[in-house]
Number of protein chains: 2
Amino acid sequence: MGRRPTLKTIAEEVGVTVSAVSLALRDDPRISVATRERIQRSAATLGYVYNRHAAGLRRGDSGTVAVCLNDLSNPFFTEFLGHMEARFREAGRMMLFGHANESLDVQAQFIRQMVEHGAAGLILIPVAGTRRDDIAGERARHLENFPVVLISRDVEQTPYDRVINDDALGVQLLFDHLYGLGHRRFVWLGGGKETSTARDRERAFIEAMRAAGLSVDDETIHHGPTSLAFGDTMLERLLGTGEPPTAVLCFSDVIAFGVLAACYRHGLRPGVDLSVTGFDDMGAAAYSSPALTSVRVRTDRIGQRASELLGARMAGDRRPPERVVMPPELVVRDSSGPAPVTRR
Amino acid sequence: MGRRPTLKTIAEEVGVTVSAVSLALRDDPRISVATRERIQRSAATLGYVYNRHAAGLRRGDSGTVAVCLNDLSNPFFTEFLGHMEARFREAGRMMLFGHANESLDVQAQFIRQMVEHGAAGLILIPVAGTRRDDIAGERARHLENFPVVLISRDVEQTPYDRVINDDALGVQLLFDHLYGLGHRRFVWLGGGKETSTARDRERAFIEAMRAAGLSVDDETIHHGPTSLAFGDTMLERLLGTGEPPTAVLCFSDVIAFGVLAACYRHGLRPGVDLSVTGFDDMGAAAYSSPALTSVRVRTDRIGQRASELLGARMAGDRRPPERVVMPPELVVRDSSGPAPVTRR
DNA sequence: TTACGCAATTCAATCGATTGAACCAATGCG
DNA sequence: CGCATTGGTTCAATCGATTGAATTGCGTAA
């Protein structure tokens with residue numbers, strides 16, 4: 001069955017040189033239409049397959065782009081993946097995919113490997129706790145201008161483009177909505193200190209509370225993983241306290257879904273007995289029971305902008321790094337409602 | 001800032017030849033320990049980065065594996081992605097990722113590109129409607145032994161390994177569970193004719209109905225997309241019929257979640273007024289309101305087995321293709337319960 | 001001393017595509 | 001008719017790592 005045909009195979013068949021074939025297959029106008037067609041026809045019948053290793057070796061670009069996520073179980077992140085894969089495929093680039101799973105080591109390994117593969121750029125949702133050197137260190141000093149775009153999470157003092165959501169605005173919108181409905185006893189569920197997202201949302205929450213003249217204490221803020229289980233067990237715990245909150249703001253829709261599950265088991269009606277809000281507005285938020293009030297993070301726009309920025313960098317754009325902050329939108333559904341009248 | 005160092009750079013620094021460096025960096029015993037260490041130290045300080053294009057060109061293997069999904073919005077599929085990425089990374093292989101989004105064209109484009117990239121193998125969840133030639137055609141005749149493993153969905157008469165769930169068994173388990181609870185008026189929601197999964201589940205449902213002496217007519221089976229919206233609107237429609245079902249079996253958890261949402265709005269208590277079951281048992285099934293009875297498809301085992309098979313093929317295994325059928329498990333939760341007493 | 005074996009290293013060809021320079025023939029123009 | 005142009009194609013070097021064969025140097029057995 002012979003080996004895979006190469007430019008040489010075609011060249012011999014058609015009776016021209018390898019150079020002519022190379023040029024013809026890329027529609028270079030230097031080759032006459034007649035021979036170009038003969039060459040292309042021959043390539044087709046021989047079943048020629050372009051060898052990107054050879055091309056990449058010579059040209060130094062493999063036509064790939066690397067993308068690294070760290071939480072596949074959170075549909076919010078896979079939304080990014082879909083948006084970006086589509087855009088890169090349109091641009092004729094393949095995607096090298098990595099899943100760091102919140103591990104700095106895995107992230108570092110991925111970055112090294114994707115450089116070995118000659119990826120032209122990297123889009124990264126940095127692992128929690130990533131610092132500047134975790135990204136630059138692996139890429140080494142020979143890659144000073146290597147295009148990197150961070151999305152969703154910010155890492156300060158990095159020389160990279162970043163496209164993130166306006167988390168402060170999102171929390172503000174949620175708080176104002178709930179405050180306007182009469183709520184005064186708030187709880188914040190989820191997040192922590194490790195990601196910019198968690199920090200920003202929590203800070204905004206605290207500021208909103210202060211601005212409204214409400215106090216923030218140990219009972220107000222509860223850190224934890226972004227999981228259904230966390231939301232579920234935390235609500236259980238809150239119900240045990242003397243004065244349960246009337247509004248529960250969750251760091252992520254995922255946590256809010258867990259809260260809704262616990263509410264259901266306890267016969268609590270979210271939106272009536274208790275208001276629950278999420279964050280991200282993933283697709284499922286419109287179909288939870290009840291439908292979840294959330295903040296729509298524009299993953300499509302963020303993904304698009306990130307692809308654009310990366311594209312520009314790969315094309316040689318050397319302007320100083322940009323920090324794009326994408327405004328989100330409040331989406332009011334049934335899980336939030338007027339504060340219940342205080343019984344006392 | 002100089003170019004990226006190559007073997008040559010190191011060779012000159014250390015005072016040996018390129019060959020020696022190449023061998024030393026791969027720990028070849030032909031190079032003495034002393035020089036090997038000198039070489040490796042030099043590589044480290046120079047910040048040498050392995051060039052896989054050059055190596056791949058010479059050796060013909062790029063160290064990548066391609067994986068193509070087609071529905072990122074369904075967490076069921078991203079579970080596979082996570083399992084497999086982890087296994088390939090451990091094996092030192094990067095993953096070329098594609099998202100066919102149920103488009104045959106995109107899938108074909110992906111397969112062509114990944115061959116160009118010299119991927120060593122392919123794991124594919126074939127797009128609905130894929131036929132034998134859609135896979136083989138793009139790979140062309142020079143790749144007869146190219147390793148391909150299909151997961152989740154079967155394509156008949158293909159010369160590839162396949163790892164799929166035992167869908168017939170899963171449906172049987174669900175049906176028996178519901179029948180045992182006294183249900184007699186069933187409805188099947190979702191699927192269609194395009195994927196083996198949909199066909200197998202539906203066929204098993206029909207057979208179970210017949211075996212139980214129940215008739216299947218136009219009102220029993222409703223095809224549709226695997227989306228929350230489909231489940232939601234279909235339940236609305238069913239409620240409008242004269243004699244609504246007491247048990248709704250959904251092709252996928254995703255559809256079931258949509259059904260639960262509609263139930264909630266109508267004040268129907270799933271598990272009491274109506275039994276609802278899903279399929280796949282994705283993570284969220286345990287946290288819906290109420291928690292969803294489903295069939296756990298072992299994405300972990302399927303992903304693992306698929307990786308193993310692909311690994312064996314890449315290592316040269318030429319045994320005839322295998323068809324692995326993984327048994328699922330019934331998971332009973334709160335969305336299913338005894339059939340309500342018929343009011344008539 | 002010669003020859004041999006062995007370890008360590010080098011030589012040199014190779015993988016397949018790209019590209020700037022060179023070449024050739026035909027045409028146009030003065 | 002000679003010279004410049006230009007369209008079409010070829011030449012030849014190049015990218016960086018790999019590898020089977022060849023070479024070198026050295027100790028040791030004959």
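The sequence lines fix the lettering, A, B, ..., with proteins before strands; numbering per chain opens at 1.
Under a 4.0 Å N-O distance rule, the pair B/R305/B/E322 qualifies as a salt bridge.
When the P atom of C/dT9 is taken as reference, atom CD1 of B/I39 falls 8 Å away, rounded to whole Å. Remark: P of C/dG16 and CZ of B/R58 are 10 Å apart, rounded to the nearest angstrom.
Map B/L57 and B/L23 each onto its nearest nucleotide of DNA chain C; the residue landing nearer the 5' end is B/L23. Place A/H53 and B/P29 on DNA chain C by their nearest nucleotides, and B/P29 ends up nearer the 5' end.
Using a 4.0 Å heavy-atom criterion, one finds that A/S19 contacts the bases of the nucleic acid, with or without backbone contacts as well.
Ring geometry for A/H99 against A/F97 counts as parallel: the plane angle stays under 30°, on a 0 to 90° scale with 60° as the upper cut.
No side-chain donor-acceptor contact under 3.5 Å links A/S103 and A/N101.
Regarding contacts with the backbone of D/dT18, a side-chain N or O of B/S22 is found under 4.0 angstrom from either OP1 or OP2. For A/R26 and C/dA17, the shortest distance from a side-chain N or O to OP1 or OP2 is not below 4.0 Å. OP1 or OP2 of D/dT10 lies within a sub-4.0 Å distance of a side-chain N or O belonging to A/T17. The side chain of B/T35 contributes an N or O atom lying less than 4.0 Å from OP1 or OP2 of C/dT9.
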